[in-house]
Amino acid sequence: MARGLTAARVRQDVDVVARAGLDLDTFLQEAVDSVARAVPWVAACIATHDPATHMLTSARKYGHLRDRNSHDHEFGLIEYGTVEPTAFTELARAEVPAAAVHLSTGGEVERSGRMASFMKPRFDFGDEARLVFRDSSQVWGAMALFRGPDDEPFDAGEVQFLASLAAPFAHGVRTGMLARLAEAPAPTPVTGPAVVIVDADDQISQMSLGAEQRLADINFGSAGGDPLAPVASLVGAARRYGRGETSVPPRARLRTVSGMWLVLHAGPLISRDGRQGEVVITIEEARPPEIVSIVVAAYNLSARERDVVQLVLQGIDTKEIAASLHLSTYTVQDHLKSVFDKAGVRSRRELISRVYFDQYVPRMGTDLSPTGWFAAAPAEDQPIGA
């Protein structure tokens, strides 16, 4: 049970590493190891989510789950294709951002479809505790901790302790997500969207030229799960949309190993003879306007600071911003100073670079075209071989 001095020390440790400016993989490894001192586990899985859609964007595994990725596609289909009280999408909206299956089901863990059909038969886990990484209204990811069949189930005190870590984990994930990645070669450019079609038997039946290359650029590091897990999650969510259980087609923005942002859309297909179950996934490079919201949100700006940044990114000067927002120029300057501090920059120029250009590989230009995409970089600015 998470109690007393150990719990306080672990909470402090997680908060410290969350604010240390670590890259995502380092932060998650440090944080999940710290949690184990207060809430022991035999296996752990940590996911990152698109904060706008709550869809899976990456997964990392520890303990008994590490390098066991052959069933990840099943997990994505179950987690996002069905719903139960301890599903990540439900916890994202719950008053308490943590739960344990044994407690939620009154000790009858088989009442959880996820546990009965997947976790127990595939991995022989006896209980699962979950936490969503929620910072204010934004959800940046989630964690699932597991215990074996002979271990004591997670208790209420442990769930309460996990809930207290929601904000520190959210902070660590959103800042780690924007940490500069290790240098990776830019992928060969892919022209236009790539398309993947998943059939009713959950197999990739067709893909367009360039799709395999897009998928190969998705990698979650040494502790990573199957790179296709986000695709499986979108397939599950698309089928729910097709059944009328949700109102918005699923989409997710994720960052690849090369540093590029992709946006994935999913939609259910219906054949001429009425057969259903096929899903089309469209993968394309995210245009700068599509990632501004996620990058700006990662800096944890206030609502008014976000308003100021949106206008700065449009090239509007301080006096015009003040008039547009009905503020004094001094107030706008105060907001800008706060934004610069949070983003780690010293000027408007650096802010624009940090929000737009630092998130993309060097082969891209530094000017936006009328389409909302980057104009081609001048030849002398292109890396050799680009």
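In this structure, Leu65 and Phe123 have side chains that are in contact, with non-hydrogen atoms separated by less than 4.5 Å. Contact check for His335 versus Leu327: side-chain heavy atoms found under the 4.5 Å cut-off. Taking 4.5 Å as the limit, some side-chain heavy atom of Thr318 sits within range of a side-chain heavy atom of Arg348. Within the 4.5 Å cutoff, the side chain of Leu162 has heavy atoms near those of the Val39 side chain. Between Leu234 and Tyr80, every side-chain heavy-atom pair lies at or beyond the 4.5 Å cut-off. Within the 4.5 Å cutoff, the side chain of Leu311 has heavy atoms near those of the Leu325 side chain. For the pair Tyr62 and Leu28, the minimum side-chain heavy-atom distance is below 4.5 Å. Met177 has its side chain within reach of Ile294: a pair of non-hydrogen atoms, C-beta onward, lies under 4.5 Å apart.
Checked by atom type and distance alone, the side chain of Asp23 pairs as donor or acceptor with a backbone atom of Asp25 at under 3.5 Å. No donor-acceptor pair closer than 3.5 Å links the side chain of Arg134 to the backbone N or O of Ala166. Using a distance-only test at 3.5 Å, with no hydrogens or angles considered, a donor-acceptor pair links the side chain of Arg147 to the main chain of Pro40. In terms of modelled atom types and a separation under 3.5 Å, the side chain of Thr57 and the main chain of Leu254 share no donor-acceptor contact. With hydrogens and angles ignored, the 3.5 Å screen pairs no side-chain donor or acceptor of Asp50 with any backbone N or O of Met55. Using a distance-only test at 3.5 Å, with no hydrogens or angles considered, a donor-acceptor pair links the side chain of Thr53 to the main chain of Arg251. In this structure, Ser324 contributes its side chain and Glu320 its backbone to no donor-acceptor pair below 3.5 Å. Counting only distance, with no hydrogens or angles, the side chain of Glu128 and the backbone of Ala144 share no donor-acceptor pair below 3.5 Å. Side chain of Arg122 to main chain of His71: no donor-acceptor pair is present (N/O by atom type, distance under 3.5 Å, no hydrogens or angles). Formation of a donor-acceptor pair under 3.5 Å by the Asp127 side chain with backbone atoms of His102 is found in this model.
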Start with the C-alpha gap between Arg304 and Asp307, add the side-chain angles, then the distance that decides, and say whether salt bridge (Lys or Arg N to Asp or Glu O under 4.0 Å) holds. CA-CA 5 Å; Arg304 184 56 84 186; Asp307 292 340; 3.5 Å; yes
Working note: Val312 + Leu336, criterion side chain to side chain contact (heavy atoms under 4.5 Å, CB included); need CA distance, chi angles, decisive distance, verdict. CA-CA 9 Å; Val312 167; Leu336 279 173; 3.7 Å; yes
Please report the C-alpha distance between Gln213 and Asp217 in whole Å, then the side-chain angles of each, then the deciding distance to 0.1 Å, and finally whether the side-chain hydrogen bond (donor to acceptor under 3.5 Å, both in side chains) criterion is met. CA-CA 6 Å; Gln213 183 180 317; Asp217 197 30; over 6 Å; no
Let me see the working for Glu90 and Arg114 under salt bridge (Lys or Arg N to Asp or Glu O under 4.0 Å), right down to the final yes or no. CA-CA 14 Å; Glu90 296 301 299; Arg114 182 181 67 252; over 6 Å; no
Steps toward side chain to side chain contact (heavy atoms under 4.5 Å, CB included) verdict (Arg243, Arg239): CA-CA 6 Å; Arg243 295 192 298 266; Arg239 288 176 179 155; 3.8 Å; yes
Check against side chain to side chain contact (heavy atoms under 4.5 Å, CB included), Ile283 and Leu215: CA-CA 9 Å; Ile283 309 170; Leu215 296 175; 3.7 Å; yes
One pair to check against side chain to side chain contact (heavy atoms under 4.5 Å, CB included): Phe88 and Val139. What are the steps and the verdict? CA-CA 10 Å; Phe88 290 139; Val139 174; over 6 Å; no
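Counting all heavy atoms, side chain and backbone alike, Ala7 lies closest to Ala38 at CA-CB, 4.4 Å. Minimum heavy-atom separation, Ala238 to Ala266: CB-CB, 3.9 Å. In plain terms, the two heavy atoms of Val14 and Pro168 that are nearest each other are CG1-CB, 3.9 Å. The minimum heavy-atom distance linking Ala47 with His49 is given by the pair CB-NE2, 3.8 Å. The minimum heavy-atom distance linking Val96 with Ala163 is given by the pair CG1-CB, 4.0 Å.
A salt bridge links Arg214 to Glu285: one of the charged nitrogens lies within less than 4.0 Å of a carboxylate oxygen. At a threshold of 4.0 Å, the pair Glu84-Arg130 does not count as salt-bridged, since none of the basic side-chain nitrogens sits closer than that to a carboxylate oxygen. Under the 4.0 Å criterion applied to side-chain N and carboxylate O atoms, Arg253 and Glu290 are not assigned as salt-bridge partners.
For Gln12, the CD atom is loosely surrounded, since the number of other residues' heavy atoms within 6.0 Å does not exceed 12. No more than 12 heavy-atom neighbours from other residues, nucleotides or ligands sit within 6.0 angstrom of CD on Glu212. In the displayed structure, Arg9 atom CZ is contacted under 6.0 Å by at most 12 heavy atoms of other residues, nucleotides or ligands. At most 12 non-hydrogen atoms from other residues, nucleotides or ligands lie less than 6.0 angstrom from NE2 of His64.
By the rule that hydrophobic residues join a cluster once side-chain heavy atoms approach within less than 4.5 Å of another member, Leu228 and Leu264 end up as members of one cluster. Val263 and Trp140 fall into different hydrophobic clusters, where Ile, Leu, Val, Met, Phe, Trp and Tyr are joined by side-chain heavy atoms under 4.5 Å apart, directly or via other members. Hydrophobic cluster membership differs between Val195 and Val198, with clusters built from Ile, Leu, Val, Met, Phe, Trp and Tyr side chains linked at under 4.5 angstrom. Transitive grouping of hydrophobic side chains (ILVMFWY, heavy atoms separated by less than 4.5 Å) keeps Val109 and Leu103 in distinct clusters. Both Leu22 and Leu165 are part of a single hydrophobic cluster, where members link through side-chain heavy atoms under 4.5 Å apart.
The OH atom of Tyr299 sits 12.5 Å away from the CZ atom of Phe340 when rounded to the nearest 0.5 Å. Here the CG-CZ distance, from Asp72 to Phe220, works out to 9.5 Å after rounding to the nearest 0.5 Å. Taking CG of Asp124 as the start and CE of Met119 as the end, the distance is 13.0 Å to the nearest 0.5 Å. Atoms CD1 and CZ, on Ile46 and Arg60 in that order, are 9.0 Å from each other to the nearest 0.5 Å. Separating the CG atom in Asp201 from the CD atom in Glu278 is a distance of 9.5 Å, to the nearest 0.5 Å. Distance check: Ser247 OG to Arg240 CZ gives 10.5 Å after rounding to the nearest 0.5 Å.
Evaluated for a side-chain contact (heavy atoms from CB on, under 4.5 Å) with Lys61, the options Asp67, Asn69, Asp226 yield exactly one hit, Asn69.
No side-chain donor-acceptor contact under 3.5 Å links Ser205 and Asp199.
Residues passing the salt bridge (Lys or Arg N to Asp or Glu O under 4.0 Å) test with Glu305 are Lys342, sequence neighbours excluded.
For the pair Arg11 and Phe161, the cation-pi criterion (under 6.0 Å, within 45° of the ring axis) is not fulfilled.
Ring planes of Phe133 and Phe169: parallel class, angle under 30° (limits at 30 and 60°).
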